Amino acid sequence: MTNTTTIPTSLNFRDDCLEILNQQKLPHEIENLKLSSLNEFYDAIVTLKVRGAPAIGITAAYGLAITLNHYQTENLDEFILKFREDKEYLFSSRPTAVNLGWALNSLEKAIENVQSVNEAKTTLLHTAIQLHTEDEVICRQIGEHGLELLKDKSAIMTICNAGSIATSKYGTALAPFHLGSEKGKNFHVYACETRPVLQGSRLTTWELQQSGVNVTLIADSMAAHTIKEKKVEAVITGADRITANGDTANKIGTSMLAILCRYFKIPFYVAAPSSTFDLTLPAGTSIPIEERAPEELTELNGHKVAPQGTQVYNPAFDVTPHELITGIITEKGVIYPSYEENIASMISGK
Ligand SMILES: CSC[C@H]1O[C@H](OP(=O)(O)O)[C@H](O)[C@@H]1O
């Protein structure tokens, strides 16, 4: 029996709804959900049924376009008011990934000169579809640039899931591995399980196995020992927001890996599209860090593991200082220090 490998995707636009792969059910259940109401889109993002910075942005864009397509009015001012109301609602779903705001703002910019409600509705749908299709091209380009940095047959570590299902396709940090698999490369990926939501053990292992990539799961606490014992040659992660000086917010535990890379003298790469840069923020201290429900830590599969009433601190992201980042892999190429200058020249033109 031939081994068929596929690169899984999680978003599928169908005329009147967005079909998503429910990432909360993976890896043991493939459940596709049809999102058509604003609350369904909001809930899917908040509860991580759809997750990953680019995927969140694309989903929110479809959420506005699909739901407003049914809004009954011929009055353009009234339609724009409703657009802004619903945009703010979706924007409030998760605070850290800048792609959410970027995608919603792209829609607002696209309709700023429309002359009728019908033209606004058509423009919103076309823009959402454009963001989706463009993201796939961008992620493939990130994969191509990442492949130039990673040595074939080398051991590479990653955290969380910055993969195909976190974007339109290919992913960001995982894009080089998916493309590499298509090109006959043989990377060995060490995936950190990524407590507490387990994006690594549930999603990255599953996704890379679908694509025929050699992946080994480790606990987050095993990272230092694994880098040393398994001769890991680089770490590559995604990003949720990168500021003007290169400071990068990503899944909690990312800065821990960056510190380990400095100690072990191996490169630490961030992979992200231009839409993940937030040049309005000079440094990472201003990035809003989402804190999630205590139950993500006090319970395991619904079973209480911590004593009743235990205090919990559950930040979903941390910020890696730019000094610890070897290079930022974007669709336009790899950005190296000095980040302030090189981000401005490579990204400002967007
Ligand atoms: C391709 S960006 C993925 C990025 O988003 C993840 O966060 P979450 O799973 O909470 O949406 C994580 O930070 C990944 O690196």
Side-chain angles (χ1 to χ4, degrees), residues 7-11 20-24 26 44-60 93-100 102-103 132 135-136 138-143 146 157-178 189 191-204 206-208 220 235-242 248-258 268-278 284 287-293 296 314-320 325 328-331:
I7 301 175
T9 58
S10 64
L11 304 176
I20 65 164
L21 173 61
N22 182 355
Q23 298 191 37
Q24 284 290 20
L26 288 175
I45 294 170
V46 168
T47 58
L48 277 66
K49 293 185 181 76
V50 60
R51 46 140 305 278
I56 292 171
I58 296 164
T59 298
S93 54
R94 294 188 73 192
T96 305
V98 70
N99 311 62
L100 174 58
W102 171 80
H132 189 183
D135 183 70
E136 180 171 331
I138 285 167
C139 288
R140 189 176 177 99
Q141 289 168 333
I142 290 172
M157 187 174 287
T158 191
I159 190 167
C160 199
N161 171 260
S164 187
I165 60 175
T167 64
S168 53
K169 188 176 180 183
Y170 297 110
T172 55
L174 301 191
F177 307 128
H178 286 307
V189 179
C192 294
E193 65 176 350
T194 318
R195 289 268 309 142
V197 178
L198 302 178
Q199 289 92 331
S201 49
R202 293 187 305 110
L203 307 177
T204 291
W206 175 80
E207 180 177 319
L208 292 179
D220 303 332
V235 170
I236 185 169
T237 78
D240 292 82
R241 193 185 298 242
I242 304 170
T248 295
N250 194 54
K251 187 51 50 201
I252 190 75
T254 301
S255 61
M256 169 186 75
L257 296 185
F268 176 83
Y269 295 115
V270 169
S274 301
S275 55
T276 303
F277 288 78
D278 179 357
I287 298 175
I289 299 296
E290 176 186 7
E291 291 190 33
R292 294 184 63 84
E296 289 183 353
N314 182 18
F317 300 93
D318 62 23
V319 176
T320 298
I325 299 173
I328 304 174
I329 306 164
T330 76
E331 70 277 19

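Index from 1, following the sequence. It should be emphasised that the depicted structure is a prediction, and the values quoted were computed from it without experimental measurement. Atoms within a ligand are numbered from 1 in the order they appear, just like the ligands themselves.
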Side-chain heavy atoms of [X] within contact of [Y], under 4.5 Å:
X      : Y      : result
Leu208 : His178 : yes
Thr276 : Trp102 : no
Leu48  : Gln23  : no

So, regarding [X] and ligand 1 (criterion: nitrogen or oxygen to nitrogen or oxygen, under 3.5 Å), is there a contact or not?
X      : result
Asn250 : yes
Thr167 : no
Lys251 : yes
Gly52  : yes

Residue [X] vicinity, atoms of ligand 1 by number, heavy atom under 4.0 Å:
X      : value
Ala53  : 2 (S), 3 (C), 5 (O)
Cys160 : 6 (C), 9 (O), 12 (C), 14 (C)
Gln199 : 8 (P), 9 (O), 10 (O)
Arg94  : 8 (P), 10 (O), 11 (O)
Pro54  : 1 (C), 2 (S)
Asn161 : 3 (C), 14 (C)

*asked:* Residue-level breakdown please: for Ala239 versus ligand 1, do any non-hydrogen atoms fall below 4.0 Å on the side chain, on the backbone, on both, or on neither?
replied: backbone

*For ligand 1, the portion of Thr276 having any non-hydrogen atom under 4.0 Å away*: neither

_atom 5 (O) of ligand 1 - nearest protein heavy atom and its distance_ = Asp240 OD2, 3.1 Å

*Which one of Leu174, Leu26, Thr9 satisfies the side-chain contact (heavy atoms from CB on, under 4.5 Å) criterion with Ile165?*
Leu26

_Point-to-point distance, once rounded to the nearest 0.5 Å, from CG of Asp278 to OG1 of Thr248_ = 11.5 Å

_According to ring pair (Phe, Tyr, Trp, His ring centres under 6.0 Å), who are the partners of His132, at least two apart in sequence or on a separate chain?_
Tyr62

*Closest to atom 9 (O) of ligand 1 (judged by heavy-atom distance), picking from Gln23, Arg51, Arg292*: Arg51

*Side-chain H-bond candidate by donor/acceptor type, Asp240 with Thr96, under 3.5 Å*: no

_Residue of the set Gln199, Arg51, Lys251 for which side-chain hydrogen bond (donor to acceptor under 3.5 Å, both in side chains) holds with Asn161_ = Arg51

*Is it true that Asp220 and Arg195 make a salt bridge, defined as a side-chain N closer than 4.0 Å to a carboxylate O?*
no

